[in-house]
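Right, one structure below, let's go through it.
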Amino acid sequence: MALILKTISGFQLFSKCIKQSPYMITVPTRGRRQNPPPRKRLPEWLPKPLHLARSEHLTAENKAFVSEVSADFLNKSPLNTELIPSNIPWTKDSKRTGLIGKKIGVYPMWLKNGKKVLATLIQIIDNEVVKYIPPEEYKPTMYQKHKIHKVKHGCLILGAENIDPQLITKEYSGIFNATGVVPKRHLMRFIISPNAAIQPGTSLFATHFKPGEFLDIRGKTIDRGFQGVMKRWGFKGMPASHGTTKTHRRPGNIGSGSEMARVKLGTKLPGHMGNRWRIIRGVKILRINTKYNIIWVLAQNIPGEVNTMCYLYDTILPLKRNTSPHFPTYIPNENTNELPENLYADDVHQFTDPTIVFQPESQ
């Protein structure tokens, strides 16, 4: 019996392999890229859908009453008084939650050896636990094929930056009504171990971390738009003279050749630059302000613009992991002493200390 040869594109191979006859051989073609580029994400500055401000014809007394009730609802949550116990043991396999912070600028600091360093200020704004999903119910959308966890992890949804309940939709506010938490502008989920679960409604502060610990910070890079190869990849460009015509900022030959006759995957070409999630690992904490919940980290290349949100969590680097963290988080207690306003790492020069003076070496 003769065999029938048929050429079929890559995206039609899986849909037609079941319908075809057993005597037909399909030959896939290069009709589709094996690794498509990442999907475009909406920029941070794009406004979210909110309710329009409508004139409800309220009197001045009624407006004052509504503002007072909204302020009371924003300042307190019915679940903040029910805190979890703080005697949960910590193990090496434990994985606790992180924090949501806002990048507010870069500030210089000095170490005890006289070296000047640049630190980024990250403020923790209204972080509260919205929901906890146990391991039995948590079903992630993306599964890690090559990584097997010894303990199955759960998910903790964290919210930051309070928002007026009158400006959000009914569906979005329903997420917080079930828990009793103030509506949040930003939501983020963290993968945690079951022994690091925190009750919904618990507030998290900058003291969740300690000075001297190392963090992994995840943020979205600045959206640069469509850029050429010189700005996107740092190409040198063509000469300015000696016969160069209209190719001063172009990439030049991409080396496809006559045999291949196609663009190689991963070739550095012009395209959209920025607006991608990036992670910087092993960032050291230099200082923590307990009054305004601000963290100074030893890095000036935190992804994102100023006033954008980033996500902080314990580092996964094996040589910089935390050995004695606040587990599952730092909970203020009336019996314990209050922390000072500023906490510094061991190698950071405090402004209240005497000025650094270097003595000349004795010959």
Side-chain angles (χ1 to χ4, degrees), residues 41-42 44 48-50 73-86 88 94-103 122-144 149 151-165 167-209 215-220 277 279 293 295 304 308-316 325-331:
R41 298 174 176 86
L42 297 178
E44 292 291 342
K48 296 182 180 180
L50 303 176
F73 182 73
L74 290 174
N75 293 333
K76 59 183 179 180
S77 174
L79 298 181
N80 284 341
T81 57
E82 303 176 5
L83 299 179
I84 60 175
S86 58
I88 300 178
S94 300
K95 189 174 183 180
R96 62 175 187 162
T97 181
L99 298 177
I100 305 176
K102 176 183 286 188
K103 178 181 176 182
I122 301 176
Q123 186 176 14
I124 310 301
I125 304 177
D126 303 330
N127 280 14
E128 287 184 352
V129 180
V130 177
K131 185 179 180 181
Y132 170 67
I133 304 177
E136 297 78 14
E137 301 178 3
Y138 176 58
K139 297 179 180 180
T141 56
M142 296 181 61
Y143 295 91
Q144 298 181 358
H149 298 286
V151 181
K152 195 173 182 180
H153 294 81
C155 176
L156 194 71
I157 301 178
L158 201 66
E161 194 172 349
N162 296 338
I163 187 174
D164 190 357
L167 300 179
I168 59 177
T169 60
K170 182 178 180 180
E171 293 77 12
Y172 186 70
S173 62
I175 302 174
F176 309 94
N177 293 337
T179 311
V181 180
V182 181
K184 304 293 180 179
R185 188 181 302 272
H186 305 280
L187 293 177
M188 176 64 183
R189 63 179 184 179
F190 294 91
I191 308 301
I192 63 173
S193 55
N195 60 342
I198 304 177
Q199 181 179 354
T202 305
S203 299
L204 303 181
F205 308 96
T207 51
H208 179 76
F209 303 106
L215 306 177
D216 290 347
I217 303 178
R218 180 174 181 262
K220 187 177 288 186
W277 288 103
I279 302 176
N293 285 328
I295 301 177
T308 55
M309 308 304 291
C310 57
Y311 310 110
L312 295 75
Y313 50 91
D314 296 331
T315 182
I316 63 174
H326 293 300
F327 190 79
T329 184
Y330 174 79
I331 301 177

Inset, instruction - Please round to the nearest 0.5 Å and tell me the distance separating atom OH of Y313 and atom CD1 of I217. - result: 9.5 Å
Legend entry - Under 3.5 Å donor-acceptor, T308 side chain and G304 backbone: no
Inset, instruction - List the atom of P328, the atom of A196, and the distance in Å for their closest heavy-atom pair. - result: CB-O, 3.9 Å
Legend entry - Close side-chain approach of P194 and P134, heavy atoms under 4.5 Å: no
Legend entry - W277 to R218 - nearest heavy-atom pair and separation: CG-NH2, 3.5 Å
Inset, instruction - Heavy atoms only: give me the nearest G159-V130 pair and the separation to one decimal. - result: N-CG2, 3.7 Å
Inset, instruction - Mind checking the NZ-OH spacing from K184 to Y172? Nearest 0.5 Å is all I need. - result: 10.0 Å
Legend entry - For H186 against I100, the heavy-atom pair lying closest together: O-CD1, 4.5 Å
Legend entry - Validation row: T97, I198 side chains within 4.5 angstrom (heavy atoms): yes
Inset, instruction - Evaluate the criterion side chain to side chain contact (heavy atoms under 4.5 Å, CB included) for residue pair K95 and I191; output intermediate values, then yes/no. - result: CA-CA 8 Å; K95 189 174 183 180; I191 308 301; 4.3 Å; yes
Inset, instruction - Could you give me the CA-CA distance, side-chain angles and deciding distance for I124 and L204, then say whether side chain to side chain contact (heavy atoms under 4.5 Å, CB included) is met? - result: CA-CA 8 Å; I124 310 301; L204 303 181; 5.9 Å; no
Legend entry - pair K131-I133: side-chain heavy atoms closer than 4.5 Å: yes
Legend entry - Inter-residue atom distance K220.NZ - C310.SG, 0.5 Å rounding: 13.0 Å
Legend entry - side chain to side chain contact (heavy atoms under 4.5 Å, CB included) between L312 and F209, intermediate numbers included: CA-CA 10 Å; L312 295 75; F209 303 106; 4.2 Å; yes
Inset, instruction - For residues F190 and I157, determine if any side-chain heavy atom of one lies less than 4.5 Å from a side-chain heavy atom of the other. - result: no
Legend entry - Heavy-atom closest pair, residues G101 and I122: CA-CG2, 3.7 Å
Inset, instruction - To the nearest 0.5 angstrom, please state how far the OH atom of Y330 sits from the OG atom of S203. - result: 13.0 Å
Legend entry - Spacing of I279 atom CD1 and D216 atom CG [to the nearest 0.5 Å]: 7.0 Å
Legend entry - Euclidean distance, S94 OG relative to F327 CZ, rounded to 0.5 Å: 4.0 Å
Inset, instruction - Decide yes or no on salt bridge (Lys or Arg N to Asp or Glu O under 4.0 Å) for R96 and D314, but give the supporting numbers first. - result: CA-CA 8 Å; R96 62 175 187 162; D314 296 331; 2.7 Å; yes
Inset, instruction - Evaluate the side chain to side chain contact (heavy atoms under 4.5 Å, CB included) criterion for residues I125 and N293: first the C-alpha distance (whole Å), next the side-chain angles of each, then the deciding distance (0.1 Å), finally the verdict. - result: CA-CA 7 Å; I125 304 177; N293 285 328; over 6 Å; no
Inset, instruction - Report the residue from K103, E161, M188 that forms a side-chain contact (heavy atoms from CB on, under 4.5 Å) with M309. - result: E161
Inset, instruction - Indicate whether the side chain of T329 and that of H208 have a donor and an acceptor atom separated by less than 3.5 Å. - result: yes
Legend entry - Where Y311 and L187 come nearest, the two heavy atoms and their spacing: OH-O, 4.4 Å
